[in-house]
Every structure is written in C-alpha cells, then in structure tokens.
Amino acid sequence: MYATQALTHVVPLAAELDKNKVTPGVLGFLVFAALAVGVWQLMKSMNRHMGRVNFEEAPDPAASEAAEGAPGAPAKK
C-alpha cells in the first residue's frame, strides 16, 4: 500500500476532529516518557562515572619554588 493511498483513508477521519480539542494523545505521552527515561538513565550513568573519578590536585611546582625564595621562609639545611 502506498503512502498516498493510506493518506486518502485518513483524510475523512481528520475532518471529524474538533480543532479546539486536539491533544498530543498516547503517542505524545510515549515520546515524552521515553525522553524522560533516557534523561534519567544518562544522569544515573553520569553520577556513577563521576563517583569513580579519583582526582587529587598535584601541587604547583612554581608556587613551591616561589615559597622557598620568599622572605621569612625556613632555610633548607
């Protein structure tokens, strides 16, 4: 069956719809629910991956050299 033939069967049904009462219907709800579930799974995965990150900031070597040469700093023996 071609798309144009299918469309000719649907056109008479469209004339019966009240243009003031058109809603997204079940298909709209299913698409919205699928998007919501997808976002929830992505957030859950992101939290799991962020929990696995073990980040310890290395001391800045330039800052430690500047602190050694500063007045009042303890001298190395």
Side-chain angles (χ1 to χ4, degrees):
M1 180 181 249
Y2 294 109
T4 54
Q5 290 175 339
L7 190 59
T8 57
H9 294 293
V10 176
V11 170
L13 296 174
E16 298 173 8
L17 291 176
D18 184 6
K19 293 183 181 182
N20 295 325
K21 294 184 180 181
V22 176
T23 62
V26 176
L27 180 63
F29 173 76
L30 293 176
V31 169
F32 182 77
L35 286 172
V37 168
V39 169
W40 177 74
Q41 287 178 340
L42 283 172
M43 290 179 64
K44 187 175 176 183
S45 175
M46 181 191 69
N47 283 331
R48 186 172 54 245
H49 282 85
M50 292 300 286
R52 292 180 184 170
V53 173
N54 185 13
F55 177 75
E56 293 181 15
E57 187 172 350
D60 188 14
S64 63
E65 290 174 5
E68 289 176 1
K76 288 187 178 180
K77 294 183 182 182

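Index from 1, following the sequence.
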Could you list who else is in L30's hydrophobic cluster, with ILVMFWY side chains joined at under 4.5 Å, directly or through other members? V26, F29
Apply the hydrophobic cluster definition, ILVMFWY joined by side-chain contacts under 4.5 Å directly or through others, and give me every member besides F55. V53
So the side chain to side chain donor-acceptor pair (under 3.5 Å) pairs with at least one residue in residues 53-62 (sequence neighbours excluded) are none
Return all side-chain donor-acceptor pairs below 3.5 angstrom for residues 38-46, not counting sequence neighbours, or 'none' if the list is empty.
residue: S45; atom: OG; partner: H49; partner atom: ND1; Å: 3.4

